[in-house]
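Structure record follows, encoded as structure tokens.
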Amino acid sequence: MSYKFMTAAEAAAMIKNGDVVGMSGFTPAGAPKEVTLALAAIAEKEHAEGREFKIGVYTGASTGASCDGALAKAKAMSFRTPYQSNKDLRAYLNDPEGVDYYDAHLSMLAQELRYGFLPKPTFAIIEACDLTENGEIVLTSGVGNTPTFARLADKIIIELNARHSKRLRGMHDIYEPLDPPARHEIPIYAPADRAGSEILKVDPKKIVAVVETNRKDEVGGFTAPDEITSRIGKNVSEFLTAEIKAGRIPSSFLPIQSGVGNIANAVMDELGNNPHIPTFKMYTEVIQDAVIDLMKKGRIDFASGCSMTVTDPVLQEVYDNMDFFHNKILLRPQEISNNPGLVRRMGLITINTALEADIYGNVNSTHVTGTKMMNGIGGSCDFTRNAYISIFTTPATAKDGMISSIVPMVSHLDQSEHSVKVLITEYGVADLRGKSPRQRAQLIIDNCVDPIYKPMLKEYLSIATKGQTPHNLAACFGMHRTFIETGDMRKTDFSKFISQN
């Protein structure tokens with residue numbers, strides 16, 4: 001059949017107020033860019049004329065400014081899930097009158113849609129680098145939840161993006177598990193194993209529009225490692241080296257999962273520079289710049305992920321050298337890249353970033369002072385709970401020392417002390433395995449806390465009530481309350497909060 005090629009505005013006009021739309025990609029990699037800008041323009045026009053225009057939005061994870069940013073600024077969303085990192089959307093969802101945001105584990109959304117727990121998407125907007133007449137779609141740099149969106153949606157709009165190489169065909173592994181009670185094991189036993197197809201196959205009759213574009217992924221640049229992130233990375237690599245020497249990690253090493261951002265890139269740099277770490281594989285969500293660099297150096301020989309979230313020059317380098325990279329990278333749907341059963345089966349070493357941690361090893365990944373959403377939980381729980389060793393990293397302080405990243409009690413709980421095995425800052429390593437709450441508190445304060453805050457946290461322990469996990473409920477949020485009142489946790493006086501109680 002022949003598809004209908006049209007402008008982004010013409011395609012967007014098919015989507016009506018109240019529709020639910022699934023967006024392809026994972027992070028800005030592979031996310032729509034043209035039709036979403038046109039949707040934002042429609043919303044702005046409708047609102048200006050006194051009519052409502054809002055859509056429900058499902059994604060893989062965060063998207064780019066042309067998707068999340070544009071739709072947020074146009075106030076065009078009624079709900080949004082599962083993860084975001086755009087500043088305009090963050091402001092929109094933290095506004096009590098803004099979009100309803102459902103923070104979800106990234107491995108779970110596709111199956112919850114199939115189960116009928118959430119509204120079925122009306123439309124799927126899918127970025128592709130190639131498309132055949134019989135409905136074979138070659139996805140671009142990110143997969144996300146695209147297979148499930150495409151299967152459940154009534155209609156599909158394709159953004160055919162010439163910026164991406166058609167030689168991406170063969171670098172995807174598109175697989176959807178069966179649903180219970182028919183589900184059986186996913187046949188992946190090592191990072192390079194394949195379970196599905198190199199293309200996404202859909203009913204071509206569902207494709208109602210094809211929009212041609214040449215717009216690049218909107219992946220922001222990464223900051224070069226600084227003294228703090230390099231020290232964190234070095235502490236991670238030295239900890240893993242010691243584990244190999246102690247025989248607690250096989251000498252051949254294990255696959256690595258690494259989170260997103262500047263700390264993750266610094267950690268990968270240090271792992272690559274450590275001569276005692278063997279050449280290794282990755283089974284992760286996001287393949288970042290540092291991974292591509294280590295592939296070129298021969299330190300990583302294979303990476304399975306959900307997206308290539310790399311800067312534009314690095315992505316172009318991959319496309320210019322596909323003979324080298326084509327058999328070293330595999331992109332999968334996120335319910336496979338983040339699948340808890342596969343994490344446990346392959347024995348992943350997982351390395352994620354904490355927004356804050358408390359002295360007992362609980363981690364807050366999402367909320368500033370317990371109420372303001374930063375980005376979302378992402379896939380950190382998918383990996384952490386099932387890891388061979390779960391590591392969380394964080395700088396010991398933020399805002400020039402005015403915030404301690406280690407507090408008496410986290411203001412929001414995402415990862416409990418039962419799942420967090422190792423906490424690492426630029427000051428050192430707290431190995432929490434097999435430790436009681438009191439032992440964990442002492443290890444974290446001694447090894448991970450900035451020297452400015454050590455006396456303060458030791459003081460808190462001294463006034464905490466007796467029990468298996470000592471806390472003083474009058475003072476446990478004293479550091480947070482002081483920051484809200486003064487802008488500086490260093491001014492905390494726990495006795496003040498006890499006397500006010």
Side-chain angles (χ1 to χ4, degrees), residues 26-27 61-62 82-83 85 103-109 111 191 232-233 235-236 239-240 243 248-249 253-261 263-264 267-268 271 280-286 288 304-306 332 334-367 373-395 405-407 409-425 429-435 437 440 443-444 448:
F26 190 91
T27 71
S62 57
Y83 180 88
S85 63
D103 190 21
H105 301 300
L106 295 187
S107 71
M108 299 292 287
L109 181 61
Q111 72 173 27
I232 293 172
N235 287 340
V236 171
F239 167 76
L240 294 177
E243 289 296 290
R248 289 186 289 267
I249 292 177
F253 209 44
L254 291 167
I256 294 286
Q257 176 268 329
S258 178
V260 183
I263 295 177
V267 169
M268 295 309 300
L271 290 179
F280 60 94
K281 293 174 172 57
M282 296 196 70
Y283 195 91
T284 190
E285 292 175 327
V286 173
Q288 297 192 112
S304 167
C306 193
R332 313 180 193 268
Q334 64 200 67
E335 68 175 325
I336 304 303
S337 67
N338 293 36
N339 185 273
L342 298 180
V343 173
R344 184 169 291 197
R345 178 186 296 167
M346 288 185 277
L348 301 194
I349 297 168
T350 68
I351 308 167
N352 291 286
T353 304
L355 187 62
E356 70 175 0
D358 68 28
I359 56 176
Y360 298 111
N362 299 294
V363 165
N364 170 15
S365 301
T366 57
H367 286 74
M373 172 61 71
M374 179 58 70
N375 295 330
I377 199 168
S380 55
C381 284
D382 296 327
F383 291 103
T384 297
R385 180 69 182 89
N386 299 281
Y388 187 94
I389 299 176
S390 59
I391 299 171
F392 273 87
T393 62
T394 181
S405 299
I406 314 295
V407 293
M409 182 184 287
V410 287
S411 56
H412 178 90
L413 179 66
D414 292 304
Q415 325 277 349
S416 84
E417 61 187 271
H418 308 293
S419 301
V420 178
K421 303 303 182 187
V422 181
L423 183 64
I424 297 178
T425 70
V429 176
D431 183 351
L432 308 178
R433 293 172 292 180
K435 300 295 191 295
R440 289 198 293 268
L443 276 172
I444 290 171
C448 297

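These values consider heavy atoms only, across backbone and side chains, with no hydrogens, waters or symmetry-generated copies. In this chain, numbering begins with 1 at the start of the sequence shown.
Formation of a donor-acceptor pair under 3.5 Å by the S405 side chain with backbone atoms of P395 is found in this model. Not a single donor-acceptor pair under 3.5 Å links the side chain of S390 to the backbone N or O of A387. Between the side chain of E285 and the backbone N or O of G379, at least one donor-acceptor pair lies under 3.5 Å.
Contact detail for P191 and Y283: the closest heavy-atom pair is CA-CD1, 3.8 Å. Taking every heavy atom of both residues into account, V343 and F383 meet most closely at CG2-CD2, 3.6 Å. Nearest heavy atom pair, residue F239 against residue R433, reads CZ-NH2, 3.7 Å. Closest approach of D382 to G378, counting heavy atoms only: OD2-O, 4.4 Å. When all heavy atoms of Q415 and C381 are compared, the closest pair comes out as OE1-SG, 3.2 Å. Across all non-hydrogen atoms, the minimal contact from I406 to I444 is CG2-CG2, 3.7 Å.
Distance check, rounded to the nearest 0.5 Å: CZ of R440 to CG of L423 gives 11.5 Å. The structure places CD1 of I349 at 4.0 Å from CD1 of I256, a figure rounded to the nearest 0.5 Å. The line from CE of M374 to CG of D103 is 13.0 Å long, rounded to the nearest 0.5 Å. To the nearest 0.5 Å, the span separating CG on L240 from CD1 on I389 amounts to 6.5 Å. We find the CG-CD distance between N386 and Q257 to be 11.5 Å, quoted to the nearest 0.5 Å. To the nearest 0.5 Å, the span separating CG on L355 from NE2 on H412 amounts to 10.0 Å.
Under a 4.0 Å N-O distance rule, the pair K421/E243 does not qualify as a salt bridge.
Between S411 and H367, every side-chain heavy-atom pair lies at or beyond the 4.5 Å cut-off. Between V422 and I424 the shortest side-chain heavy-atom distance falls below 4.5 Å. Counting only heavy atoms from C-beta outward, the side chains of M282 and P255 never approach each other to under 4.5 Å. The shortest distance between side-chain heavy atoms of L254 and F280 does not fall below 4.5 Å. The closest side-chain heavy-atom distance from V236 to I351 is below 4.5 Å. Residues N352 and T393 fail the side-chain proximity criterion, which asks for heavy atoms closer than 4.5 Å.
Scanning for ring-ring contact (aromatic ring centres under 6.0 Å, His included) contacts around H105 gives an empty result, with sequence neighbours left out. By the ring-ring contact (aromatic ring centres under 6.0 Å, His included) test, F392 pairs with no residue at all, sequence neighbours left out.
Screening N362, T366, T384 for a side chain to side chain donor-acceptor pair (under 3.5 Å) involving D414 leaves a single residue, T366.
There is no side-chain donor-acceptor pair under 3.5 Å between Q334 and S107.
Around the CZ atom of R385, the shell of radius 6.0 Å holds no more than 12 heavy atoms that belong to other residues, nucleotides or ligands.
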Residue pair Y388, T350: steps toward the side-chain contact (heavy atoms from CB on, under 4.5 Å) verdict: CA-CA 8 Å; Y388 187 94; T350 68; over 6 Å; no
Trace of the side-chain hydrogen bond (donor to acceptor under 3.5 Å, both in side chains) decision for S85 with N375: CA-CA 5 Å; S85 63; N375 295 330; 5.1 Å; no
